[in-house]
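Below is one structure, written out as structure tokens; the observations come after it.
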Amino acid sequence: MDLSRQIFEAGVIGAGGAGFPTYKKLTDGAQLLVVNAAECEPLLASDRYLMRHRAAQIVAGAQAVAQACGIPRIVIGTKSHYAREIAALTQAIEQAGAAIEIHGVDSFYPAGDEQVLVYEITGRTVPPGGIPLDIGVIVINVTTASNIAAAIEGTPVTRRFVTVTGEVAHPTIVDAPVGATAADLIQAAGGTTVNPYVIVRGGPMMGKHASMDDAPTLGYGKADGGLIVLPADHPLVQFMAKPVERLLSETKSICIQCQMCTSLCPRYLIGHQMRPHRVMRSLQTGTDPEALTDALLCCECGICELYSCPMGLSPRRMNIYVKGLLRAQGIKVTDKTVHPEQSSDREYRRVAQARFIDRLQLSAYPTQIDDCVRLDPAQVRIPTRHGVGMAARPCVSVGDVVGVGQLVAEVGFGDLGAPVHASIAGRVTQADENHITIVQEGAQA
């Protein structure tokens with residue numbers, strides 16, 4: 001069986017957040033494999049934990065991809081101050097006799113953005129609207145690399161490390177089955193220390209906010225690496241709760257066109273014509289509709305709204321709003337021109353991670369977590385869709401008894417999607433287009 005088939009059948013997806021089916025990335029012609037070990041979002045520490053404790057698997061997965069695709073060079077991109085992680089990876093590389101480089105980058109946000117990391121390592125810009133393969137690069141996350149090594153051994157993705165932090169009694173890394181609920185993850189970290197609270201599913205910048213009432217039914221998927229509990233009155237929570245209609249009204253009335261959103265935009269600084277101030281101006285004045293197409297290049301990192309803007313506006317959410325309108329009309333990126341002159345003072349415009357955390361008023365929470373607890377809940381609620389692409393189709397029915405690793409939802413080989421496997425043994429109590437719920441035998445549903 002070739003590697004792409006093994007990866008597909010194990011249900012491996014990009015574990016860094018987007019969840020792109022990994023087998024779709026495997027192709028000939030790349031000259032560089034980048035393993036993304038820079039953990040983009042503030043406060044998340046799952047990838048760092050994995051690097052310290054499963055470095056050999058990461059190395060093995062990277063080697064397998066490079067060999068299968070004929071890639072001559074492998075680079076692990078991580079933050080220079082990750083001393084213990086780099087030491088563990090270096091030892092694993094030496095023991096494997098692997099030709100793998102480690103490239104350290106400064107601690108800035110978003111160092112773990114795929115295209116930013118490629119620029120840091122190669123000095124080259126992925127074309128606007130393009131993918132790293134356009135310049136001969138394939139990028140995979142460290143957790144994805146580890147899952148690839150497991151797939152080769154016939155082990156599907158049924159568990160992942162989740163950072164549980166914020167207002168919990170004991171911030172920790174949770175070794176959790178796919179489909180573990182937010183309530184179980186929070187309990188594994190000793191419960192919450194505030195009430196009411198909001199759940200941030202993912203990182204503080206790009207994570208989705210959910211009500212505390214959703215905790216018992218919010219099942220975590222293969223690409224969900226973080227759970228942050230924040231007080232309901234936290235400034236970040238209040239800002240994200242603003243409706244789009246209010247943000248649009250604020251844009252039209254108080255944007256001062258200072259251009260700070262553009263000056264610090266990570267994609268602008270690698271040469272893309274991503275100029276949020278032009279989008280804001282077009283929304284404000286109703287003129288220059290062509291400027292709105294800049295929004296298609298937004299990576300949604302949030303620097304423009306949570307760090308740059310002196311008026312407290314939300315260029316990011318305006319970009320998302322505009323992207324939705326443009327895509328509904330079938331409008332795509334057509335200008336692939338790179339503007340290298342925009343990178344001339346990039347070194348001085350990168351936003352230090354520590355300063356960013358302070359600005360977000362999150363400095364009370366740890367940025368490094370050493371503890372890990374294993375979670376084995378009586379019930380899981382597994383999403384059928386775990387990222388980019390289609391949802392998997394249930395292939396089990398209510399009442400079926402399943403074992404760990406058993407296929408419970410499927411897609412066809414060649415589809416943009418990934419199969420789903422049971423993460424605990426038990427009886428199926430729900431099997432629809434959105435979720436597969438499994439309850440351990442003898443446990444109360």
Check: Quick one: CD1 on I438 to CZ on R427, what's the gap to the nearest 0.5 Å?
Finding: 12.0 Å
Margin query: Please determine whether the number of non-hydrogen atoms from other residues, nucleotides or ligands lying under 6.0 Å from atom CD of E101 exceeds 12.
Written below: yes
Note to self: If you define the side chain from C-beta out and look only at heavy atoms, does anything of P204 sit under 4.5 Å from L236?
What the structure shows: yes
Check: In this structure, are over 12 heavy atoms from other groups packed under 6.0 Å from Y321 atom OH?
Finding: no
Check: So, does T78 use its side chain to make a donor-acceptor pair with the main chain of A37 at under 3.5 Å?
Finding: yes
Next item on the list: Return yes if a side-chain donor-acceptor contact under 3.5 Å exists between Y307 and R355, otherwise no.
Entry: yes
Notebook entry, point to check: Does a salt bridge link R159 with D376, judged by any charged N lying under 4.0 Å from a carboxylate O?
Noted result: yes
Margin query: Under the criterion side chain to side chain contact (heavy atoms under 4.5 Å, CB included), I'd like the reasoning laid out for V162 against D224: C-alpha separation, chi angles, the key distance, then a yes or no.
Written below: CA-CA 7 Å; V162 180; D224 297 323; 5.9 Å; no
Checklist line | Closest contact, heavy atoms only, D134 versus P127 | finding: CB-CD, 3.9 Å
Checklist line | Heavy-atom donor-acceptor pair, S308 side chain to I303 backbone, under 3.5 Å | finding: yes
Item checked: Contact summary for D358 and S363, nearest pair of heavy atoms -> OD1-CB, 3.1 Å
Item checked: Donor-acceptor contact below 3.5 Å, side chain Q31 vs main chain R73 -> no
Notebook entry, point to check: Taking the six-membered ring of F413 as reference, does the NZ or CZ atom of R5 fall below 6.0 Å from its centre and within a 45° cone about the axis?
Noted result: yes
Checklist line | F239 and S314, any side-chain heavy atoms less than 4.5 Å apart | finding: yes
Next item on the list: Starting at CG of L269, measure out to CG of L264 and round the result to the nearest 0.5 Å.
Entry: 7.0 Å
Next item on the list: With rounding to the nearest 0.5 Å, note down the distance linking CG in L360 to OH in Y365.
Entry: 11.5 Å
Notebook entry, point to check: Should V116 and F108 be marked as a side chain to side chain contact (heavy atoms under 4.5 Å, CB included) after you check the CA-CA gap, both sets of side-chain angles, and the distance that decides it?
Noted result: CA-CA 11 Å; V116 169; F108 65 92; 3.8 Å; yes
Next item on the list: Verify salt bridge (Lys or Arg N to Asp or Glu O under 4.0 Å) between E114 and K25, making sure each step is shown before the conclusion.
Entry: CA-CA 14 Å; E114 180 176 86; K25 283 192 171 185; 3.5 Å; yes
Notebook entry, point to check: Counting N and O atoms only, with roles assigned by atom type, does the side chain of R385 sit under 3.5 Å from a partner on the main chain of G389, one being a donor and the other an acceptor?
Noted result: yes
Check: How close do P383 and R201 get, heavy atom to heavy atom, and via which atoms?
Finding: CG-NH2, 4.4 Å
Next item on the list: Indicate yes or no: at least one non-hydrogen side-chain atom of L247 is less than 4.5 angstrom from one of M318.
Entry: yes
Notebook entry, point to check: Do other residues, nucleotides or ligands put more than 12 heavy atoms under 6.0 Å from the NZ atom of K242?
Noted result: yes
Item checked: Short side-chain to backbone donor-acceptor contact, T181 and G219, under 3.5 Å -> no
Notebook entry, point to check: Do C40 and P110 touch side chain to side chain, with heavy atoms closer than 4.5 Å?
Noted result: yes
Margin query: Restricting to non-hydrogen atoms, name the atom on A66 and the atom on I74 that form the minimum distance, rounded to 0.1 Å.
Written below: CB-CD1, 3.5 Å
Next item on the list: Begin from the C-alpha positions of Y23 and Q6 and carry the test side chain to side chain contact (heavy atoms under 4.5 Å, CB included) through to its verdict.
Entry: CA-CA 8 Å; Y23 86 101; Q6 289 175 308; over 6 Å; no
Note to self: Please identify which of these residues, R316, K323, R267, meets the salt bridge (charged side-chain N to carboxylate O under 4.0 Å, His left out) condition with E300.
What the structure shows: K323
Checklist line | Donor-acceptor pair, side chain of K222 and main chain of G11, under 3.5 angstrom | finding: yes
Next item on the list: Answer whether the closest heavy-atom distance between the side chains of R346 and I270 falls below 4.5 Å.
Entry: yes
Notebook entry, point to check: Once you round to the nearest 0.5 Å, how far does CZ of R48 lie from CG of D370?
Noted result: 8.5 Å
Next item on the list: Work out which heavy atom in Y220 is nearest to a heavy atom in V200; give both atom names and the distance.
Entry: OH-O, 3.9 Å
Item checked: Nearest non-hydrogen partners of L375 and A180, listed with the distance -> CD2-CB, 3.9 Å
Check: Does the side chain to side chain contact (heavy atoms under 4.5 Å, CB included) test come out yes or no for N36 and T144, once each step is laid out?
Finding: CA-CA 9 Å; N36 189 341; T144 305; over 6 Å; no
Margin query: Checking side-chain contact (heavy atoms from CB on, under 4.5 Å) between I382 and each of T158, I424, V178, which is the one that passes?
Written below: V178
Notebook entry, point to check: Do the charged groups of K208 and D214 touch, with an N to O distance under 4.0 Å?
Noted result: no
Checklist line | Side chain proximity check, Q379 to T437, heavy atoms < 4.5 angstrom | finding: yes
Margin query: Other residues, nucleotides and ligands only: do more than 12 of their heavy atoms fall within 6.0 Å of CD on E441?
Written below: yes
Next item on the list: Using modelled atom types only, decide if a donor and an acceptor are shared between the side chain of R160 and the backbone of A15 within a distance under 3.5 Å.
Entry: yes
Note to self: Please check: side-chain N/O of Q440 versus main-chain N/O of P377, any donor-acceptor pairing under 3.5 Å?
What the structure shows: yes
Check: When you measure from the side chain of H272 to the backbone N and O of V126, does any donor-acceptor pair fall under 3.5 Å?
Finding: yes
Checklist line | Sub-4.5 Å side-chain heavy-atom contact between H234 and M240 | finding: no
Check: How far does OG1 of T22 sit from CD1 of I13, to the nearest 0.5 angstrom?
Finding: 7.0 Å
Notebook entry, point to check: What is the distance from atom OG1 of T143 to atom CZ of R54, rounded to the nearest 0.5 Å?
Noted result: 9.0 Å
Next item on the list: Return yes if some donor-acceptor pair links the side-chain N/O of D371 with the main-chain N/O of T172 below 3.5 Å, else return no.
Entry: no
Next item on the list: Flag the pair Y197 / V237 as yes when at least one side-chain heavy-atom distance between them is below 4.5 Å, and no otherwise.
Entry: no
Next item on the list: Determine the interplanar angle of the F356 and Y109 rings, folded into 0 to 90°, and report it as parallel if under 30°, tilted if 30 to 60°, perpendicular if over 60°.
Entry: parallel
